[in-house]
Number of protein chains: 4
Amino acid sequence: MPQRLIDALVTTDAASAAFSDRALLQAMFDVEAALARAEAAVGIIPAEAAVVITRAAVVDDDIDVDTLVAQARAQATVSIPVVRVLTTRVEALDAGAARYVHWGATSQDVFDTALVLCVSRAWTQMAADQARLTGALVQLADEHAGTVMLGRTLLQPAVPITFGLKAAGWLGAVTRTWRQWQQALDNLQVLQLGGAAGTLASLGSHGLAVERALADELGLAVPDAPWHAHRDRVAAFVAACGVHTAALGKIARDLSLLAQHEVGEATVPGGGSSTMPHKRNPSGCAVVLAAATRLPGIVASVLAGMVHEHERSVGGWHAEAPAVADAVQAAGSALASLADVVLSLRVDPARMRANVDATRGVVMAEHLALLLAPAIGRAKAADLAAQASAESAASNRPLAVVVAGMAEAAAHLSTGDLERLASPDAYLGLADAFRRRLIDAARTSSDGN
Amino acid sequence: MPQRLIDALVTTDAASAAFSDRALLQAMFDVEAALARAEAAVGIIPAEAAVVITRAAVVDDDIDVDTLVAQARAQATVSIPVVRVLTTRVEALDAGAARYVHWGATSQDVFDTALVLCVSRAWTQMAADQARLTGALVQLADEHAGTVMLGRTLLQPAVPITFGLKAAGWLGAVTRTWRQWQQALDNLQVLQLGGAAGTLASLGSHGLAVERALADELGLAVPDAPWHAHRDRVAAFVAACGVHTAALGKIARDLSLLAQHEVGEATVPGGGSSTMPHKRNPSGCAVVLAAATRLPGIVASVLAGMVHEHERSVGGWHAEAPAVADAVQAAGSALASLADVVLSLRVDPARMRANVDATRGVVMAEHLALLLAPAIGRAKAADLAAQASAESAASNRPLAVVVAGMAEAAAHLSTGDLERLASPDAYLGLADAFRRRLIDAARTSSDGN
Amino acid sequence: MPQRLIDALVTTDAASAAFSDRALLQAMFDVEAALARAEAAVGIIPAEAAVVITRAAVVDDDIDVDTLVAQARAQATVSIPVVRVLTTRVEALDAGAARYVHWGATSQDVFDTALVLCVSRAWTQMAADQARLTGALVQLADEHAGTVMLGRTLLQPAVPITFGLKAAGWLGAVTRTWRQWQQALDNLQVLQLGGAAGTLASLGSHGLAVERALADELGLAVPDAPWHAHRDRVAAFVAACGVHTAALGKIARDLSLLAQHEVGEATVPGGGSSTMPHKRNPSGCAVVLAAATRLPGIVASVLAGMVHEHERSVGGWHAEAPAVADAVQAAGSALASLADVVLSLRVDPARMRANVDATRGVVMAEHLALLLAPAIGRAKAADLAAQASAESAASNRPLAVVVAGMAEAAAHLSTGDLERLASPDAYLGLADAFRRRLIDAARTSSDGN
Amino acid sequence: MPQRLIDALVTTDAASAAFSDRALLQAMFDVEAALARAEAAVGIIPAEAAVVITRAAVVDDDIDVDTLVAQARAQATVSIPVVRVLTTRVEALDAGAARYVHWGATSQDVFDTALVLCVSRAWTQMAADQARLTGALVQLADEHAGTVMLGRTLLQPAVPITFGLKAAGWLGAVTRTWRQWQQALDNLQVLQLGGAAGTLASLGSHGLAVERALADELGLAVPDAPWHAHRDRVAAFVAACGVHTAALGKIARDLSLLAQHEVGEATVPGGGSSTMPHKRNPSGCAVVLAAATRLPGIVASVLAGMVHEHERSVGGWHAEAPAVADAVQAAGSALASLADVVLSLRVDPARMRANVDATRGVVMAEHLALLLAPAIGRAKAADLAAQASAESAASNRPLAVVVAGMAEAAAHLSTGDLERLASPDAYLGLADAFRRRLIDAARTSSDGN
């Protein structure tokens, strides 16, 4: 009874594939096969058994998922029925080998480690989308180094900035949050192998050797101790996923605002309407923002679930894997969609300039106040600038013109000052310095990865 | 690429079926067919067209879900490709009729109304499970009216209660929360039909008639106005779902605590372990608590998503349907699982009594203090009772025996008092009165439904 | 060490007063005094004791809050030290009466009931602000019944609506969510009195009489049973608070978008900038949206906290009261702020019209398609309309003019059709009908309250 | 109108002091004074002005917080009225200097940087509590290296572990989560200085120099660019706070479970009851778990708030500071409380052993199955072990005795095997190896800090 349509906007094919029945089963089979090989290498199960188990551990269409799901619910763990299926498959090849399936491990060992593998496998596509996104942002930031636009605070015109700086700011945020998410992934890529309650007593004196060998088989690190009841690595990963997705959401919100008909500074290619032939919806932004709406709650669930009871919780653990899968899929969807949006974005520098000009220069009011302040003090200067702004708005005349006619102000301003008041380009401060620092930091970061 | 295993513990077959691709598609087709019939009845499309559309609006296996999903992502709405599929199907029967598919409606109309239908269809099984659960709780509450057990506060022995009261308390909570969820469902069962931006201009002078006819076709109420941008009904429904699931979670937590080996007052039939042959895990409780861990975050997401922009949001709406589906499935899973658990629960009154006795009567310390208070004041009485409790614990003698030996206390106690101090049954207060009130209220409530 | 500045934007004076130290203490004293009177009336404590306790139960500045806070932390309950303070105060008046303070009750009884009183007291100001808000919205909705503006979906022009409908939609949402919050308040206004573990054994045979008398004293209802461990009423109240605040947030978001310089359809009086003399920030909207950002997480916390252990939880209960206070304060802040904003809102119908006109009529593309569809089919009609829209945009000519020049389209359109295509006012559908229904429903609702 | 009582269980004196009105005001004054000195050093304001501003920037009791709060609400920022207050104070000393207050900065610069200072100042006490906690955990882990106890999964007996391992597991988790929180703090300790919209245009050519000088004055790092609209550092800090608090919560939950009367393995010194003289409540655990219940929602709010609009958001930013203060206070409260609890914890090794023995050896069932498996296969061995466990429970005889009487099993077991089955100490696997690795890792980590 697959559910794909209802989740269509909060996942992608690649992201959902990483957590599909087939992928999860294969990851669990991979863990079991690697365990057998590790145990054979250490000498606690026969080498031939490991060969047979490895051979049997290939998922195909014969597996009855309906039954697995029903049994998983009854046992509150997916592993028990999956181990049973694998055992049956091994038995069909070699009854002797079947007795060594899952040797010394517990359900959670297999499931947790398999989940780590699934997450790792989802990462590849996300890393590619992150690279597409940051590449496109670097290009935008470079291309529009000199494109002047309104800085907007509380959705009102503030002072001029450049679109290059804006794009570089986006780049900086998603680079930092990705790097931290990557570190959280690194921390998560550890083996879980603790046996029944985290002592690996089932492996007698061979525990450490099997642990090392299994970790090597799977390309995972060995943690200080099994983490069955300590879920900080998972929670930190999901939290970092939430921070990254929020950073993506901020970009999508900015773009959807720039794409408003009344603003018109960006065109975001997108979807149509089932009834309005003229519509060009920023559908890619909607997909990103859907993920950003979804993630905070998922993070909250995973944090709440961390408060485990003793050596394995009642419920906390059981809620975790679906949340991890939801989080990664939503983040993957946001990444893929935002990369598409930014790569096909069309920016309209002329409209950006027109929107600056439409303020009649009141965005230079701060500049005016600063020009006047040394002479008449900050408070008085701000008053005059506010007065000039109001008059500019009321009379629909440029601020510089209004100011030129205000004796009290004009007395303290040179002709050059008045010219600068009419030139937003002359009031960009460190826009370009910050832009360059952001790009440099992003480059350094991706070199490091 | 179905994902069922990873979600196995947070849904059921019935709950996931309600949001399956087939169910969602059929619900959308149902809305389109009903719209056509409504419009035919009103006279704005030909009656034959409605007949053909209704005939074509039957989901079968030929529909290519892969393509639908891809197009849904591109358009940020499932409806556009689904309408296209339906149109093609109608065209195959009668090209003339095809032009009347989706007449005057917009994507969101179809999707929102279909979502309401899916939720309504999921309700049937949940109502059955709720009835199973409350039936079992009433029986427990009746059967154990006189079963004395420890009341426990902050997980420490408090004063005696009855298991009948405890079960009735659970019953009361889940009855209240269900009733409120049901009301929220009633409020949600309204038509969404607003056209492009909520004015139904597309239907000219026929809007009100179509609205009425369509609501009747679908068995939904007509709202004051289209609710495309006002999602309070959905959010209130999901919030009530969260409250109900938390009430279920409280029961599961209590049961998992009672089932501890060291407590042993209840046996919760459950799952085994992949490695420990002796294990009897309260797996049903784990499933309920997984849902209770999952829901708060989902509620938070839906509330956050309510802050829509203008007549249709960018992202807020798009995050909603997956969250609704997740919420209903987790709640349905918790309900089904808890009903199973409670129906097969085995209670051990002897062990309950033994656990009371194991406190050596210190749970009667409040009673002791109250017996002494009239004579020596509340503070002094409490001090003596605390002293007696400590001595009882230190010397491992019953509280009543210790007290009999404390001159300061014994002076104010009759022989009957000392006997009562040794009888937890005599200190149950209103346990039975409250138990009966709770059961009566629950009965009244379900009569009302 | 008061913290008011850091919370300045998420509370109001009135809302924080309802949960101030003084208010909470007084509410707890009120409960204790009412308990004494109820017990005196029932005859289990002396009438004079109740008189003295009532006399002593007046909070003044002599209470050492530092000590209370420290002791509350040590005991994990505010009640124990507060009861001690009250007892000392009664003792100072009459040592005999002191022994009857808190007779038969437990800490949670006093605190929970006091919290209900605090919430009820916070309600008054909120109800006044809600009335101010809905009054202002009704007026806007009436005044602008005929003010045509853009309907905007996904932040893009859709079809024309009226501002009257938009305001009525806001009104409808906040009326519905308020009504439900009010019902949740009604459900919450019940006494908590259960004694040590919910049996009221401490009151012997007088429990029911005291319960009734105390509820009457406090103007609260008697619940079926004590609810110390069943927090559904609290959670439902906080959840309804979350839904209402989100409905307020939606209005604030719409207003902040309408107030953008580039849109200019509304002026939201607001704050300035510390550096930009020209700024007019929609600070009231920011305050509302801050609350809407804050609430979903609070709701999630309260839902998570509902999963209590047995008869009193370890932690779940302890997290609840601060969350309730936070929720009510944020909601109260949003209500007060939005009422102010809407009351002083200035709407610019001319600019609304200009923004419609600036689309050159492409918002009539749906109308065009519907006019053509009967003749040439829905699909072909949509294509032509899309083509005309694109040409209108490219050539900057009105849609009606473009269409008149397209033979394929013009052939099927009358002169009247072409005129209507140039008249957004003629394509408002049920805007006014819906507007009136929403206002009527809101009126009915407030009559009912 | 201070609110301290209602928050008594979710903060501490030290933690709330860090965000008190006085502390926040002083932090803001500190930023303004440092800005003046930095600008004087760079030469854009007179050196004497900086001296006077620094002299005036000392918070005292004369500041009218009522007015500040009211103005903060009106402006949606605390900074504007605070800057005004400081300006007035400077004016009183030297009217000339007053004009240089807040030169070139914007409200958010001052507030964000001050918030970073407040957080940093809260850290000191938390670090001390963390050191107390980890010190106590190391000692417990060492002292109880050989204390055998039940491992418990899903709250049921699993296999034996040691309390030393359990304590070391707690230590490992809180060490890892603290280290990550510390890193998040390091990342957050950056200056915010961007002027009106992040370009620092107000400082003309001196921006970079002032930025560097101000960061040095305050002991903060210089970020790549102002982060007014990119809140990833704040969100990552709050998320790490949430992960750490959840790790604390897990310990508190374990302790409250061990302290149950029926388990009795740990005594957690705690609070009493207002009515039950015998009560010893784990109140410290309740305080920790209250924080763990509170945090997930706060994290969700901060993540949701990250989706800012353009260069300064409407609402997202405004909701952040209260959430940060709430998060740090709750975490600080949990840390302080858990350190107290663990330092005064009394562990009962004899009871731990008795609880193991009370299982009659069924916790050795896994061991039995593993002993039998090489001879008869894993499945058959598990069946026999399950059968023996059931018989042990039914007949109340030790597992080893039951097994000795089962021919099918006994045939494959040596006398030594049967002895080992009766010795939980002999089935501890890597408990001690893991314990040592965890302690070593924790030591390395704190050396590194």
Side-chain angles (χ1 to χ4, degrees), chain B residues 150 152-159 256-257 259-265 270-283 285-286 296-297 300-301 303-305 307 315 355 358-359 361-370 378 381-390 392-393 399, chain D residues 150 152-159 256-257 259-265 270-283 285-286 296-297 300-301 303-305 307 315 355 358-359 361-370 378 381-390 392-393 399:
Chain B
L150 283 176
R152 294 174 174 98
T153 56
L154 288 102
L155 288 175
Q156 295 295 318
V159 295
S256 66
L257 291 168
Q260 290 173 98
H261 187 259
E262 297 83 357
V263 177
E265 300 182 4
S273 152
S274 70
T275 180
M276 291 176 285
H278 70 286
K279 265 322 242 347
R280 290 295 166 268
N281 285 324
S283 48
C285 294
S301 288
L303 289 176
V307 184
N355 284 335
T359 70
V362 300
V363 290
M364 304 299 281
E366 180 193 58
H367 193 17
L368 170 59
L370 287 163
R378 210 175 137 267
D383 284 349
L384 276 185
Q387 195 183 317
S389 300
S392 164
L399 183 77
Chain D
L150 283 176
R152 293 175 175 98
T153 56
L154 287 102
L155 288 174
Q156 295 296 317
V159 294
S256 67
L257 290 168
Q260 290 172 100
H261 187 260
E262 297 83 356
V263 177
E265 301 182 3
S273 152
S274 71
T275 181
M276 292 174 285
H278 70 285
K279 266 319 244 348
R280 291 295 166 267
N281 284 325
S283 48
C285 294
S301 289
L303 289 177
V307 183
N355 286 334
T359 69
V362 301
V363 290
M364 304 299 280
E366 180 193 58
H367 193 17
L368 170 58
L370 287 162
R378 211 175 136 267
D383 284 349
L384 276 186
Q387 195 184 316
S389 300
S392 164
L399 183 76

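Hydrogens, waters and symmetry mates play no part in the numbers below; they use all other heavy atoms, side chains included. In the text below, chain A, chain B and the rest are named by the order of the sequence lines, each starting its count at 1.
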Write down the atom of [X], the atom of [Y], and the distance for their closest heavy-atom approach.
X	Y	value
B:Leu154	D:Ala286	CD2-CB, 3.9 Å
D:Thr153	B:Asn281	O-OD1, 3.8 Å
B:Ser389	D:His278	OG-CB, 3.3 Å

Out of B:Ala259, B:Ala393, B:Gly297, which one racks up the most heavy-atom pairs below 4.5 Å with chain D?
B:Ala259

Pick whichever of B:Ala365, B:Ala369, B:Ala385, B:Pro296 has the most heavy-atom pairs under 4.5 Å with chain D.
B:Ala365

With chain B, the option among D:Leu155, D:Val263, D:Leu150 that has the most non-hydrogen atom pairs under 4.5 Å is D:Leu155

Counterpart residues, side-chain hydrogen bond (donor to acceptor under 3.5 Å, both in side chains), relative to B:Glu366 (two or more places apart):
B:Tyr427, D:Thr275

Hits for side-chain hydrogen bond (donor to acceptor under 3.5 Å, both in side chains) against D:Gln156, two or more places apart or cross-chain, chain-then-number order -> none

Is [X] close to chain D through its backbone or its side chain, or both, or neither, when contacts mean heavy atoms under 4.5 Å?
X	answer
B:Ser392	neither
B:Ala158	both
B:Leu399	neither
B:Ala381	neither

Find the distance between CD (D:Glu262) and CZ (B:Arg152) and round it off to the nearest 0.5 Å.
4.5 Å

For the side-chain contact (heavy atoms from CB on, under 4.5 Å) test, which of D:His261, D:Gln260, D:Arg280 pairs with B:Pro157?
D:His261

So, the part of D:Leu384 with a heavy atom under 4.5 Å from chain B: the answer is neither

